[in-house]
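Throughout, a chain's letter reflects where its sequence line sits, starting with A, and its residues are numbered from 1.
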Amino acid sequence: MQAETTVEAPEVTFADLGLSQKVLSAVHDAGYVNPTPIQAGAIPHALQGKDVLGIAQTGTGKTAAFVLPMITRLEKGRARARMPRTLILEPTRELAAQVEENFVKYGKNHRLNIALLIGGVSFDEQEKKLERGADVLIATPGRLLDHFERGKLLLTGVDILVIDEADRMLDMGFIPDIERIAKLIPFTRQTLFFSATMPPEITKLTEQFLQAPVRIEVSKAASTGVNIVQRLVKSKSKGWDKRETLRKLIRAEEDELKNAIIFCNRKVDVSELFRSLVKHDFDAGALHGDMDQRARMAMLAAFREGKLKLLVASDVAARGLDIPDVSHVFNFDVPIHAEDYVHRIGRTGRAGRSGKSFTIVTRSDGKYLDAIEKLIGKEIEWMDGDLSTVAQDDAEEEAPRRGRGKGRERGRASSGERKPRGEKRARRDEAEEAVAEPIQVAEEAPAEDKQARREAIKADNAERKAKPEQPRQREDDNRRDRGGRNNNWRREDDEPSPIGFGDDMPAFMKIPARV
DNA sequence: AAAAAAC
């Protein structure tokens with residue numbers, strides 16, 4: 001009896017949460033009425049000034065859960081020069097920019113000074129904004145500390161600190177930076193802390209940073225959405241074979257494919273695949289962390305606006321980026337970490353829509369695939385049979401590598417079937433795709449649509465120019481890289497550095513002797 | 001077998 005009266009529990013609206021009228025009006029204009037669970041849970045507490053520990057994935061409305069109460073709370077008071085009132089830390093530049101967009105959208109009835117401090121762009125404008133006094137400071141850790149060390153910034157006036165995507169910060173080695181930054185902010189601040197998962201290191205961090213936090217956990221979609229069709233596609237392991245497999249796949253999906261993200265594990269492969277796709281007349285763009293920041297932004301914008309159909313990306317795009325309505329996700333490589341699979345395919349099938357994901361699998365991907373299936377708790381269906389048929393061919397192709405001798409490097413073997421495998425990639429690859437050559441952008445390409453793509457190609461070419469045939473990273477590099485961020489030690493490879501002088505080599509000795 | 005983040 002009693003239950004019947006509460007079956008239709010009244011739905012919570014934004015108006016019930018205690019947000020200010022100005023904020024509510026902006027939310028209304030954006031077309032939202034009902035908050036998501038994380039919003040409904042976090043906003044009232046955040047408005048009361050309590051610390052919040054939000055455990056939520058991206059796509060749960062987490063950003064608005066801190067942006068809306070922050071704007072409301074910022075209505076009282078004013079910013080002073082170089083003393084931002086709030087600070088939001090984000091792991092990647094794109095995420096930081098996205099949070100800024102949220103402040104612009106929901107703060108349209110306020111006069112907020114927003115400063116975005118991210119790397120890859122000039123200091124000047126950022127400094128000006130700091131100088132003017134920022135209500136909201138959104139930053140990636142490196143650039144923030146850089147400004148701080150230059151004395152452009154005081155964190156003693158920060159009332160609200162937001163740490164977003166904490167587990168990802170951990171993965172990226174940012175925790176020491178985060179600790180350092182947090183120590184610069186008064187103890188009396190309010191802290192809003194968000195993480196998708198809670199590994200022990202993160203729990204420790206919350207104990208350190210948060211005071212009597214309200215904990216809000218929303219159902220972690222550790223399993224993959226039911227509205228995403230997932231398929232595995234076998235392929236031989238050569239780059240060329242995988243690219244052909246992908247092209248066939250894209251063409252086969254043509255009717256349903258509205259737009260797609262194609263994930264590669266490595267930046268070089270993003271670059272190479274992007275060039276190959278453009279070469280094959282696909283409407284593709286690229287996104288990875290070594291690209292020029294302007295090109296990154298332009299790419300993302302073009303993709304969001306539907307001016308680009310395919311976005312080839314590294315895992316920089318796997319999490320958090322708000323790209324609504326992607327119809328397909330292709331994994332050109334099986335992700336090495338199983339969680340990345342979940343994040344990647346989570347780019348499609350959002351907000352109840354349906355989506356499709358295809359993962360190209362080669363015979364060496366077995367253990368990663370196992371880990372993925374274990375994580376999501378089910379087996380993924382193969383599209384055209386599993387790897388059993390591919391395995392044989394691939395094994396044969398790799399066989400000559402073992403018997404490689406000097407004399408057999410050149411020319412095709414008379415039997416014609418097998419190419420000797422040199423240091424570089426197969427010759428057939430380069431001949432057919434010419435991926436190693438900088439691409440000339442056709443003059444007649446419609447300017448507006450192709451702008452972003454052109455920028456990326458330019459950036460990509462510039463990148464090649466800047467480090468010509470850079471030798472493969474030394475093992476040494478990798479070892480040091482793993483520890484975290486400081487890669488400062490990396491010296492310019494072309495700088496001659498004679499034995500005996502080290503860095504103190506007299507200047508005149510650096511001048512090459514004329515013969 | 002990786003990616004990301006400061007000059």
Side-chain angles (χ1 to χ4, degrees), chain A residues 58 89-98 116-124 126-127 138-153 163-178 180-181 237-239 242 261-273 286-293 296 300 312-321 331-341 343-344 360-369 371-372 398 425 466 472-473 475 477-492:
Chain A
T58 43
L89 293 171
E90 294 289 336
T92 70
R93 299 170 185 175
E94 274 76 13
L95 278 173
Q98 197 170 286
L116 177 66
L117 306 189
I118 59 174
V121 292
S122 93
F123 277 86
D124 298 357
Q126 297 178 355
E127 271 177 24
I138 306 152
T140 46
R143 183 54 76 96
L144 179 87
L145 285 170
D146 208 339
H147 278 285
F148 181 79
E149 278 157 15
R150 289 164 187 236
K152 303 293 176 190
L153 182 61
I163 296 164
D164 197 14
E165 304 258 339
D167 51 350
R168 201 169 172 205
M169 302 252 205
L170 173 74
D171 287 347
M172 292 167 67
F174 280 164
I175 298 304
D177 288 347
I178 302 296
R180 190 177 156 206
I181 292 165
S237 55
K238 289 258 174 61
K242 290 179 82 173
I261 305 181
I262 304 164
F263 285 104
C264 300
N265 284 357
R266 296 183 303 182
K267 289 178 284 197
V268 284
D269 295 326
V270 170
S271 206
E272 185 168 315
L273 178 58
L287 186 69
H288 67 71
D290 277 355
M291 279 165 54
D292 165 59
Q293 188 60 26
R296 277 168 76 163
L300 198 52
V312 188
S314 68
D315 278 318
V316 69
R319 306 189 202 192
L321 288 192
N331 286 311
F332 186 74
D333 300 307
V334 176
I336 291 164
H337 291 302
E339 323 87 73
D340 287 335
Y341 177 82
H343 289 297
R344 287 181 182 185
I360 298 177
V361 185
T362 70
R363 55 189 269 283
S364 48
D365 293 327
K367 63 175 171 178
Y368 301 120
L369 185 58
I372 289 167
E398 280 182 19
R425 130 177 37 92
R472 283 231 170 279
Q473 275 205 339
E475 278 174 47
D477 283 18
N478 285 326
R479 206 174 345 112
R480 302 221 198 184
D481 253 358
R482 209 157 297 147
R485 54 186 196 78
N486 282 318
N487 292 334
N488 296 346
W489 55 274
R490 185 180 293 155
R491 81 157 189 272
E492 298 300 325

Mind calculating the distance between CG (Leu95(A)) and P (dA3(B)) to the nearest angstrom?
18 Å

If you look at every strand shown and take non-hydrogen atoms under 4.0 Å, does Asp269(A) touch a base, only sugar-phosphate, or nothing?
nothing

Leu144(A) CG to dC7(B) P, straight-line distance once rounded to whole Å:
13 Å

Using OP1 and OP2 only, check whether a side-chain N or O of Lys267(A) sits under 4.0 Å from dA4(B).
yes

Output all residues satisfying side-chain hydrogen bond (donor to acceptor under 3.5 Å, both in side chains) with Glu165(A), sequence neighbours left out; order by chain, then residue number.
Lys62(A)

Measure the distance from CD1 on Ile261(A) to P on dA3(B) and round it to the nearest whole Å.
17 Å

Of all the nucleotides listed (dA2(B), dA5(B), dC7(B)), which has the minimum atom distance to the side chain of Arg143(A)?
dC7(B)

To the nearest Å, give me how far apart CE (Met169(A)) and C1' (dA5(B)) are.
10 Å

Figure out the NE2/P separation between His343(A) and dA3(B), and round it to whole Å.
17 Å

Of all the choices, dA4(B), dA6(B), dA2(B), which nucleotide is nearest to the side chain of Val316(A) once you look at every atom?
dA4(B)

Which residues pass the salt bridge (Lys or Arg N to Asp or Glu O under 4.0 Å) test with Arg296(A), not counting sequence neighbours?
Glu94(A)

Closest heavy-atom pair, Pro141(A) versus Phe174(A), reported as atoms and distance to 0.1 Å, is CG-CD1, 3.7 Å

Measure from CG on Asp177(A) to C1' on dC7(B) and round the result to the nearest Å.
14 Å

Out of dA1(B), dA6(B), dA2(B), minimum distance to the side chain of Ser364(A) belongs to dA1(B)

note: Gln293(A), atom CD; dA4(B), atom P; distance rounded to Å ~ 11 Å

Check each of Val270(A), Leu300(A), Leu287(A), Asp290(A) against Val316(A) using the side chain to side chain contact (heavy atoms under 4.5 Å, CB included) test, and report the only one that passes.
Leu287(A)

Check whether any side-chain N or O of Thr140(A) sits under 4.0 Å from OP1 or OP2 of dA4(B), and answer yes or no.
no

Ranking dA4(B), dA1(B), dA6(B) by distance to the side chain of Asp365(A), first place goes to dA1(B)

Give Arg296(A) one of three labels, base, sugar-phosphate or nothing, depending on what nucleic acid heavy atoms sit under 4.0 Å from its own.
sugar-phosphate

Separation of atom CZ in Arg93(A) from atom C1' in dA6(B), rounded to whole Å:
8 Å

Classify the side chain of His337(A) and the base of dA2(B) as holding, or not holding, a donor-acceptor pair under 3.5 Å.
yes

Once you apply a heavy-atom cut-off of 4.0 Å, does Arg168(A) come out as touching a base, just sugar-phosphate, or nothing?
nothing

Return yes if some donor-acceptor pair links the side-chain N/O of Lys267(A) with the main-chain N/O of Gly289(A) below 3.5 Å, else return no.
no

